[in-house]
Student: 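Here's a structure for you.
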There are 2 protein chains.
Amino acid sequence: MKADADIAGEKPGDMPEEQAGAPGGRIRQATMAHILAAAEQVFAEAGYAGASMSRLAKAAGLPKPNLHYYFGSKQALYTAVLQNILALWLDAADDILPERDPAEALSAYIRAKMAHSRDRPHASKVFANEVLRGAPELHSYLGLELRRIVDEKALVLEGWAKRGLMDAVDARHLFFAMWAMTQTYADFDVQIRAVLGVRELDDAAFETARLTVTRLVLRGCGVTMKEAACP
Amino acid sequence: MKADADIAGEKPGDMPEEQAGAPGGRIRQATMAHILAAAEQVFAEAGYAGASMSRLAKAAGLPKPNLHYYFGSKQALYTAVLQNILALWLDAADDILPERDPAEALSAYIRAKMAHSRDRPHASKVFANEVLRGAPELHSYLGLELRRIVDEKALVLEGWAKRGLMDAVDARHLFFAMWAMTQTYADFDVQIRAVLGVRELDDAAFETARLTVTRLVLRGCGVTMKEAACP
DNA sequence: GTCTATAACAAGATAGAC
DNA sequence: GTCTATCTTGTTATAGAC
């Protein structure tokens with residue numbers, strides 16, 4: 001087995017027995033994390049239907065039955081991959097807080113989302129594939145948890161607008177725009193690379209992308225850019 | 001067979017025999033257009049791998065072998081659907097011309113793209129699915145035809161910037177942003193409806209979306225909005 | 001041109017030896 | 001815990017009657 005199984009961020013040698021939500025020994029957890037990491041990539045490239053168990057197994061470097069042994073079914077493995085991604089997704093909006101400066105908070109949010117697109121493109125693609133299919137696994141998450149977060153953050157933006165710190169922009173549609181503009185660098189990377197005529201999106205390309213998105217959002221919200229966009 | 005087979009925009013009773021690129025009689029063309037319309041929807045909802053021939057056949061209201069009779073293979077049917085979509089995709093940027101006013105031209109472009117997302121969401125989703133998979137069928141299109149168009153339009157924007165009509169924004173990344181913001185209303189509609197807590201995106205929602213996107217782009221480019229954004 | 005019947009194969013899942 | 005061999009089902013595609 002390969003050694004890059006630390007995707008779930010488990011602390012090695014922490015608990016001697018088990019833990020809530022992650023039963024089993026350390027080797028079991030490591031194997032499962034390894035399978036999840038490989039599966040995320042395959043599901044990202046092929047979608048749910050296009051990812052066969054044999055392909056998933058080959059990507060993990062294991063025989064097919066082992067995947068069934070650990071996750072039961074393809075469906076369950078896919079759900080586990082999605083769950084792994086949502087945990088990553090949720091804490092991105094932590095910068096949007098009432099007491100912060102709008103320009104800085106929005107810049108930080110865009111920076112975090114762009115970093116996600118760069119560092120975890122597979123996660124973004126799996127999520128995109130799922131939503132494109134009609135989000136059969138994420139319906140409740142989108143309608144409950146995500147909706148609650150957006151409602152909460154929309155209040156923050158409306159508060160900023162009332163205090164004259166930014167224009168009164170529709171907060172929800174602003175979020176849709178920020179999600180779309182940042183995630184497109186992960187989901188549609190093939191198209192972007194083709195149009196730019198480059199083999200890879202390097203640091204400079206991502207920096208230009210981040211600055212462009214930040215500029216559109218900050219100016220669109222009527223907040224001054226200052227040096228918040230430049231690290 | 002249902003009567004909504006006029007998607008390809010064929011002129012009924014035009015030519016008695018054949019035409020380049022569309023051989024066969026009128027009923028043949030009508031049947032093929034009907035299959036293509038149904039297939040677009042199924043490919044959009046299920047992706048390439050998730051769309052089985054039986055499902056495609058059921059959606060078209062025909063037995064499976066008929067689809068093979070007309071298109072040969074699932075692959076060929078899919079390619080035909082994509083080809084149909086590209087024709088639609090290409091003429092959206094017709095508004096970006098040097099002699100036009102930036103605010104009006106960009107507003108018109110965003111309006112056209114939003115209208116596409118509203119009127120042909122399935123087309124957008126098929127395209128998104130294809131690019132997510134790595135664009136195996138569209139690699140040459142993206143790297144040649146689309147790239148050429150974007151290069152051409154980028155020159156127009158740079159011309160506007162030199163004449164002081166707008167700020168010097170990276171034109172290519174601005175296009176990525178406009179594509180992402182507008183297409184998200186087709187591709188991620190499930191997520192948007194869930195967050196907004198509505199069953200359907202109605203006229204008002206699309207108008208708010210369009211105004212938000214237009215605002216971000218025009219202000220981000222430093223062009224005055226005037227009434228160009230309002231019909 | 002249309003459709004029933006079926007071939008050839010790959011899918012998800014499991015039994016059972018190790 | 002691990003993996004070979006296999007079962008069942010659904011897949012694309014086609015043969016051949018109508």
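Labels below follow one simple rule: chain letters A, B, ... track the order of the sequence lines, proteins then strands, and each chain is numbered from 1. The analysis underlying the following values was restricted to heavy atoms, covering all of them including side chains, and did not include hydrogens, waters or symmetry mates.
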Student: Could you go through the side chain to side chain donor-acceptor pair (under 3.5 Å) check for B/Tyr48 and B/Gln75 one step at a time?
Tutor: CA-CA 9 Å; B/Tyr48 177 77; B/Gln75 176 67 43; 3.3 Å; yes
Student: If each of A/Pro65 and B/Ser73 is mapped to the nucleotide of DNA chain D with the nearest heavy atom, which maps nearer the 5' terminus, i.e. the 5' end?
Tutor: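 That would be A/Pro65.
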Student: Applying a 4.0 Å non-hydrogen cut-off, can you work out what A/Ala57 is touching in the nucleic acid: base, sugar-phosphate, or nothing?
Tutor: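 Nothing, no heavy atom under 4.0 Å.
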Student: Measure the distance from CG on B/Leu62 to P on C/dT4 and round it to the nearest whole Å.
Tutor: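 About 12 Å, once rounded to whole Å.
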Student: Among A/Asp203, A/Asp202, A/Asp189, which residue satisfies the salt bridge (charged side-chain N to carboxylate O under 4.0 Å, His left out) criterion with A/Arg118?
Tutor: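 The residue from A/Asp203, A/Asp202, A/Asp189 that satisfies salt bridge (charged side-chain N to carboxylate O under 4.0 Å, His left out) with A/Arg118 turns out to be A/Asp203.
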Student: Under the ring pair (Phe, Tyr, Trp, His ring centres under 6.0 Å) criterion, do A/His34 and A/Tyr70 qualify, and how do the steps go?
Tutor: CA-CA 11 Å; A/His34 172 74; A/Tyr70 282 110; over 10 Å; no
Student: Return the orientation label for the B/Phe176 and B/His173 ring planes: parallel under 30°, perpendicular over 60°, tilted otherwise.
Tutor: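 Ring orientation, 0 to 90° scale: perpendicular.
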Student: Just how far, in rounded Å, is P of D/dC3 from CG of A/Leu67?
Tutor: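 The distance from CG of A/Leu67 to P of D/dC3 comes to 11 Å, rounded to the nearest Å.
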Student: From CE of B/Met53 over to P of C/dT6, roughly how many Å is that when rounded to an integer?
Tutor: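 Value for this atom pair: 20 Å.
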Student: Can you tell me if the side-chain N/O atoms of B/His68 get under 4.0 Å from OP1 or OP2 in D/dA13?
Tutor: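 So the side-chain polar atoms of B/His68 do come within 4.0 Å of the phosphate oxygens OP1 or OP2 of D/dA13, strictly under.
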Student: When the distance from NZ of B/Lys74 to P of D/dT11 is rounded to whole Å, what number comes out?
Tutor: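 Taking atom P of D/dT11 as the reference, NZ of B/Lys74 is at 9 Å.
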Student: Taking the nucleotide of DNA chain C with the nearest heavy atom to each, does A/Gly72 or A/Ser54 sit closer to the 5' end?
Tutor: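 Nearest-nucleotide comparison on DNA chain C picks A/Ser54.
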Student: Contact class for B/Tyr70 vs. all strands (heavy atom < 4.0 Å): base, sugar-phosphate, or nothing?
Tutor: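 Since only primed, P, OP1 and OP2 atoms lie under 4.0 Å of B/Tyr70, the category is sugar-phosphate.
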